[in-house]
Amino acid sequence: MAEGTGPAPQGGPPGTAGGPHPLVRLLQEFTLEANRYVDTAGGRKDMHRTDLNALAVIMRHTAKGNVVTPGLLRKELHLSSPATTALIDRLDHSGHVTRERHSSDRRQVQLRMTPKAFQEGGAIFAPLARQMGSAMAGFSADELEIVTRFMTAMVEATIAAREESSAGRPDTPAPPN
């Protein structure tokens, strides 16, 4: 890396007095707005963000062919066992998931989304998908490929930061100017 092109303190661009890069601020704003959307849209169906996150976890793992258990849900959502039970009870009572015994190990409970969950999930996220699709239509395939690479790197960086933080490692000081 050339002299003076390294990261500025607190992740800012080279030559600034610090502070996050404008793209980092946009990602923070996107995250905030996405959370607001989930809260508003989910609230219309009496669903909490945790409920929708749980359905997303179940859907993602089911699509990969994985068995989804209460333990997996607890781990993915960083919930206590009692909170996981309350969440599953809420989703079961609302008709969004069913509990089934695993075919090869009858002691193991697996969670499955119901058709109602797929239908309501589609209705909740259709306006967001429509608006995002319209916004994406203004970009070329090459531009979208670059953004896809960027967003993939940001997701990976966020996962790495979470794992670092959960490992209890001390914060790394910013490099000197």
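A quick note: this is a predicted structure, and the numbers were derived from the prediction, not measured.
- Under a cut-off of 6.0 angstrom, the local environment of CE in Met136 is sparse, with at most 12 non-hydrogen atoms contributed by other residues, nucleotides or ligands.
- A heavy-atom distance below 4.5 Å is found between the side chains of Asp89 and Thr85.
- Closest approach of Ser81 to Arg74, counting heavy atoms only: OG-CD, 3.5 Å.
- Judged by distance alone, the side chain of Glu120 and the main-chain N or O of Ala117 form no donor-acceptor pair under 3.5 Å.
- Without hydrogens or angle criteria, Ser165 side chain to Ala161 main chain gives no donor-acceptor distance under 3.5 Å.
- Hydrophobic clustering places Met132 together with Phe125 (ILVMFWY residues linked when any side-chain heavy atoms are closer than 4.5 Å, directly or through intermediates).
- The shortest side-chain heavy-atom distance between Leu87 and His48 does not fall under the 4.5 Å cut-off.
- Hydrophobic clustering places Val147 together with Leu26 (ILVMFWY residues linked when any side-chain heavy atoms are closer than 4.5 Å, directly or through intermediates).
- A donor-acceptor contact closer than 3.5 angstrom links the side chains of Ser94 and His96.
- Rounded to the nearest 0.5 angstrom, Ile124 CD1 and Gln119 CD are separated by 11.0 Å.
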Are Thr62 and Met113 close enough, and set up right, to give a side-chain contact (heavy atoms from CB on, under 4.5 Å), and what steps lead you there? CA-CA 9 Å; Thr62 300; Met113 288 179 57; over 6 Å; no

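- Counting heavy atoms from C-beta outward, Met47 and Leu91 have side chains that approach closer than 4.5 Å.
- Listed by first and then second residue, the salt bridge (Lys or Arg N to Asp or Glu O under 4.0 Å) pairs involving residues 50-63 are Asp51-Arg90, Arg60-Glu76 (not counting sequence neighbours).
- Heavy atoms only, all atoms of each residue included: Thr98 and Asp92 are closest at CA-OD1, 4.4 Å.
- Taking both residues in full, the closest heavy atoms of Pro70 and Ile88 are given as CB-CD1, 3.6 Å, listed atom of the first, atom of the second, then distance.
- Side-chain contact between Val24 and Gln28 is present, with heavy atoms from C-beta onward closer than 4.5 Å.
- Note that CG of Asn66 is 7.5 Å distant from CG of Leu72, once rounded to the nearest 0.5 Å.
- Atom CZ of Phe150 has more than 12 neighbouring heavy atoms from other residues, nucleotides or ligands inside a 6.0 Å radius.
- No more than 12 heavy atoms of other residues, nucleotides or ligands shown are found within 6.0 angstrom of NZ on Lys75.
- Annotation: side chain of Leu23 is not in contact with side chain of Met154 (no heavy-atom distance under 4.5 Å).
- Note that OG1 of Thr148 and CD of Glu143 are 11.5 Å apart. Values are rounded to the nearest 0.5 Å.
- Between Gly95 and Thr114, the shortest heavy-atom contact is O-OG1, 2.5 Å.
- Between Ser166 and Glu163 the shortest heavy-atom distance is OG-O, 3.1 Å.
- Atom CZ of Phe118 sits in a crowded spot, with more than 12 heavy atoms from other residues, nucleotides or ligands closer than 6.0 Å.
- Here the side chains of Leu55 and Val97 are in contact, with some heavy-atom distance below 4.5 Å.
- Taking 4.5 Å as the limit, every side-chain heavy atom of Thr84 sits out of range of all side-chain heavy atoms of Leu77.
- Here the straight-line distance linking atom NZ of Lys116 with atom NZ of Lys45 works out to 8.5 Å at 0.5 Å rounding.
- By the 4.5 Å heavy-atom criterion applied to side chains, Val109 and Arg101 are counted as neighbours.
- In this structure, Thr69 contributes its side chain and Gln110 its backbone to no donor-acceptor pair below 3.5 Å.
- The existence of a salt bridge linking Asp39 and Arg44 is excluded, since no basic side-chain nitrogen approaches an acidic carboxylate oxygen closer than 4.0 Å.
- Between Tyr37 and Leu128 the shortest heavy-atom distance is OH-N, 3.6 Å.
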